[in-house]
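Everything below concerns the one structure shown next.
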Amino acid sequence: MSTAGHRVGLIGLGAMGAPMAGHLYDANVLDVVGNRSSGKVLAFVAQHPGTRGAVGIEDFAPCEVVILNVSLDEDVLSNARDLSSVLKPGSIVIDHSTVSQQTALEAARVLNAKGIHFIDAPVSGGVEGSRNGKLSVMVGAAAEDLERVQSILETYGARVTHMGPVGSGQATKAVNQIMVAGINEAVSEALALGEALRLDPEKLIPTLMGGAASNWFLDKRGATMLRSEFTPGFKNAHMLKDLHIVQGMAAEVGLVLPTLNQAERDYTTLSVEQGDADTSSLITLKRKSEI
Ligand code: NAP
């Protein structure tokens, strides 16, 4: 299916959303962009001629598809409420933010009441994945809704997987985030030990990447961690939000997950003073641990 004929809006021009909007622009389907702070809208429109910058929610009224990539659950819900008052019946809202399953279901309820369709489609692959168009997209949707937007998602998604009905995308992302948080714990502890043992970082990271310890976080963040550069990336405050969502889901099904709980304690500490730093700043806690 081609992207031809789609008229797409995007709200949330942050670390993940701005590169996605760039891919939609390159695919010639992007109509209008919006963001909480207006500076990002002005900058994007200046660099992407022909794109409209939204001043209010009514600027999205002509869109057949609106994509959200905002921060928190309330940001998704407020945009869903606002969009429900302007979009045409039959249009589709896709949310790429990481939020709870309950939020996805509530957004769907609000929009469906006006005949508007909703897809929860959280992503994994980091800012690099967004820039390179290599994201893994975890979709909760009616099959026919996904079919309508598959080609749009493929402008930045290397893998688009239909996990089930609305809410299934966020459930999958919760599983993903336990692994991400646990890998971050292991890599941070391992590199803190490597530093303490004075191993050569130029040799250490490629050696580890060549064996069974190889992983995305070590590959993309290992070298910058050892140089104590923590530019996001993925903010500590967003990781903490995700871990609280996952803890809620684990509690609902009666699972006790110690690695998840350790990560939640660590990102609570980090978020106090370094909420906007990258999650790889976790190594700063591991360097100091002396129990
Ligand atoms: P970010 O850089 O903080 O960007 C969020 C953007 O959304 C900001 O530009 C913000 O505007 C805008 N925004 C927030 N609330 C809004 C609202 N109510 N209405 C309109 N715009 C709003 O965050 P991000 O890293 O792109 O992450 C976005 C979402 O994707 C989060 O849920 C995050 O957990 C998830 N995610 C992130 C990554 C990653 O590696 N970064 C990976 C996968 C998933 P302002 O300019 O006013 O702040």
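These values consider heavy atoms only, across backbone and side chains, with no hydrogens, waters or symmetry-generated copies. When a residue number appears, it is its place in the shown sequence, counting from 1. We count ligands from 1, going down the list as the structure has it; atoms in each ligand are counted the same way.
Applying the side chain to side chain donor-acceptor pair (under 3.5 Å) test to N236 and every residue at least two apart in sequence or in another chain returns S281.
Between the side chains of Y267 and D242, no donor-acceptor pair is found at a separation under 3.5 Å.
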*Begin from the C-alpha positions of T161 and V139 and carry the test side-chain contact (heavy atoms from CB on, under 4.5 Å) through to its verdict.*
CA-CA 6 Å; T161 311; V139 180; over 6 Å; no
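Legend: salt bridge (charged side-chain N to carboxylate O under 4.0 Å, His left out) pairs involving residues 176-185, not counting sequence neighbours, sorted by first then second residue: E185-K286.
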Check: residues 79-90 side-chain donor-acceptor pairs under 3.5 Å, at least two apart:
from	atom 1	to	atom 2	distance (Å)
N79	ND2	D75	O	2.8
R81	NH2	E74	OE2	2.6
S84	OG	R81	O	2.6
S85	OG	D82	O	2.7
K88	NZ	P62	O	3.3

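For ligand 1, the protein residues within 4.0 angstrom (heavy atoms only) are I11, G12, L13, G14, A15, M16, N35, R36, S37, K40, N69, V70, S71, D75, N79, S97, T98, V123, G126, V127, K173, G233, F234, K235, H238, K241, D242.
Aromatic ring orientation, Y25 versus F44: perpendicular (interplanar angle above 60°, classes split at 30° and 60°).
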